[in-house]
Amino acid sequence: MTRLSDLFDLSGKVAIVTGGGSALGFQIAEALGEFGARIALVARKEAALDAAVTALAGQGITAFAFAADLSDETVHATLVDRILEQFGRIDILVNNAGTTWGAPAEDYPIEGWNKVIDLSLTAVFLLSQMVARRAFLPQGQGAIINVASIAGFLGHHPSRVGTVAYNVAKGGVITMTRALAAEWGPRNIRVNALAPGFFPSKMTAKTLDEHGADVIAQTPLGKLGGDADLKGATLLLASNAGAHITGQVIVVDGGASII
């Protein structure tokens, strides 16, 4: 009989978590590390990465920091090579890094559009492509978890500032998840996504300062996402407990998107 504890066990696995220095990325890294994975944390800011590595070490989790600007399309091959040199393998890729830009659609600046699309969509593909090419396909297995958003299914509320590029990017991540899952499934690479609702973070701080009470009131569970609310879904999709799940999106939003 297969034990559930064995299905969720990630001992010996190596996971990349982008945007891993804080907020959702750090929560995801904690979940994977607690169940045995060694973590490659990737973000632009070295200070935040170093602090995250120290915090994870305090929990007995092995993690190393890899500073990189993923919006630069030239960095992905070198980054993957550095991680393989450090760990010798890659088993899990969590594409969490992203950004947003708020402006009315009629005034949306091209620099804002490009910034959001480059990091939140294009970089997700490029890193997935490179990890598949250098690690997953040669070793015959791998798991990708893309962090999308309920914004990929919805428009923004008309009382709030426009986020058209973010909506487009996250919608693209959802479609990309399904496309890659279909193409790479026969080669034993699973590709799934998480679609969080509102969680406290630097990215959501301004919206929650101005509209937090409304956001909570419009959420059936009556609260924002918390420090552990992505952990269970992440572990399911990363581990053998989710071995027959691919091309799916798990929405983690307290029910906000159902009303």
Side-chain angles (χ1 to χ4, degrees), residues 17-32 94-105 108 112-113 115-117 119-121 124 144-179 181 191-238 241-242 245-259:
V17 181
T18 71
S22 61
L24 301 188
F26 184 76
Q27 180 182 152
I28 288 167
E30 284 185 310
L32 299 177
V94 181
N95 286 305
N96 170 67
T99 190
T100 191
W101 188 300
Y108 211 90
W113 176 274
K115 178 181 179 180
V116 174
I117 298 299
L119 180 59
S120 301
L121 182 58
V124 172
I144 297 174
I145 302 171
N146 295 322
V147 179
S149 168
I150 59 170
F153 296 107
L154 310 169
H156 66 275
H157 195 280
S159 68
R160 303 169 198 162
V161 67
T163 55
V164 62
Y166 185 77
N167 294 78
V168 168
K170 294 303 185 179
V173 166
I174 290 166
T175 301
M176 185 196 308
T177 296
R178 294 171 175 147
V191 188
N192 293 289
L194 300 172
F198 275 97
F199 283 67
S201 69
K202 288 182 180 179
M203 187 182 296
T204 62
K206 188 173 187 297
T207 297
L208 292 178
D209 283 346
E210 296 177 359
H211 304 284
D214 289 338
V215 168
I216 292 171
Q218 293 160 5
T219 302
L221 290 184
K223 60 187 180 71
L224 302 174
D227 291 342
D229 285 333
L230 282 182
K231 289 186 174 183
T234 296
L235 187 59
L236 171 65
L237 296 179
I245 302 172
T246 197
Q248 304 305 306
V249 183
I250 298 179
V251 177
V252 187
D253 70 347
S257 59
I258 64 175
I259 58 174

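Remember, it's a predicted structure, so these values are computed and weren't measured experimentally.
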- Message: Determine whether Ile258 and Asp253 satisfy the following criterion, side-chain contact (heavy atoms from CB on, under 4.5 Å), listing intermediate values before the conclusion.
- Response: CA-CA 9 Å; Ile258 64 175; Asp253 70 347; 5.8 Å; no
Counting only N and O atoms by type, is there a donor-acceptor contact under 3.5 Å from the side chain of Thr219 to the main-chain atoms of Leu221?
no
So does Ile145 get a backbone contact from the side chain of Asn95, meaning a donor-acceptor N/O pair under 3.5 Å? no
All heavy atoms of Leu237 vs all of Ala193, minimum pair found to be CD1-O, 4.0 Å
Value for NE2 (His211) from NE2 (His157), rounded to nearest 0.5 Å, stands at 9.0 Å
Note to self: Run the side-chain contact (heavy atoms from CB on, under 4.5 Å) test on Arg178 and Val249 for me, step by step, so that the C-alpha distance in whole Å, both residues' side-chain angles and the decisive distance to 0.1 Å come before the verdict.
What the structure shows: CA-CA 9 Å; Arg178 294 171 175 147; Val249 183; 4.3 Å; yes
Report task. May I ask you to decide if Asp227's main-chain N or O and Gln27's side chain share a donor-acceptor pair within less than 3.5 Å? Result -> yes
For residues Pro196 and Val147, determine if any side-chain heavy atom of one lies less than 4.5 Å from a side-chain heavy atom of the other. yes
**Prompt:** Between Thr204 and Thr207, do the side chains contain an N or O donor and an N or O acceptor separated by less than 3.5 Å?
**Reply:** no
Correct closest heavy-atom pair for Ser201 and Ala23 would be CB-CB, 3.9 Å
Margin query: I'd like to know if the side chain of Gln248 reaches the main chain of Thr246, judged simply by a donor and an acceptor atom lying under 3.5 Å from each other, with no hydrogens or angles considered.
Written below: yes
Closest heavy-atom pair, Ala233 versus Ile250, reported as atoms and distance to 0.1 Å, is CB-CG2, 4.2 Å
Taken to the nearest 0.5 Å, the spacing of Ile174 CD1 from Asn192 CG works out to 12.5 Å
Short question: side chain of Asn167, backbone of Leu154 - any donor-acceptor pair under 3.5 Å?
yes
Between the CG atom in Leu24 and the CG atom in Asp229, the distance rounded to the nearest 0.5 Å is 10.0 Å
Nearest heavy-atom contact between Lys170 and Ser149 is CG-CB, 3.8 Å
Output for pair (Asn146 CG, Thr177 OG1), nearest 0.5 Å, gives 4.0 Å
Paired with Leu119, the side-chain contact (heavy atoms from CB on, under 4.5 Å) test is passed by just one of Thr99, Val124, Thr18, Thr100, namely Thr99
What one should report as the nearest heavy-atom pair of Trp101 and Tyr108 is O-OH, 2.7 Å
field: Residues, nucleotides or ligands: over 12 heavy atoms within 6.0 Å of Asp214 CG
entry: yes
**Item:** Test side-chain contact (heavy atoms from CB on, under 4.5 Å) applied to Met203 and Tyr166, step by step
**Value:** CA-CA 11 Å; Met203 187 182 296; Tyr166 185 77; 4.0 Å; yes
Does the side chain of Phe198 come within less than 4.5 Å of Ile216's, by heavy atoms? no
**Asked** Around Lys115, counting heavy atoms of other residues, nucleotides and ligands shown, do more than 12 lie under 6.0 Å from its NZ?
**Response** no
Scanning both residues in full, the closest heavy-atom pair of Phe199 with Val252 reads CE1-O, 3.7 Å
query = Would Leu32 and Lys231 count as a side-chain contact (heavy atoms from CB on, under 4.5 Å) if you check the C-alpha gap in whole Å, the side-chain angles of each, and the deciding distance to 0.1 Å?
reply = CA-CA 8 Å; Leu32 299 177; Lys231 289 186 174 183; over 6 Å; no
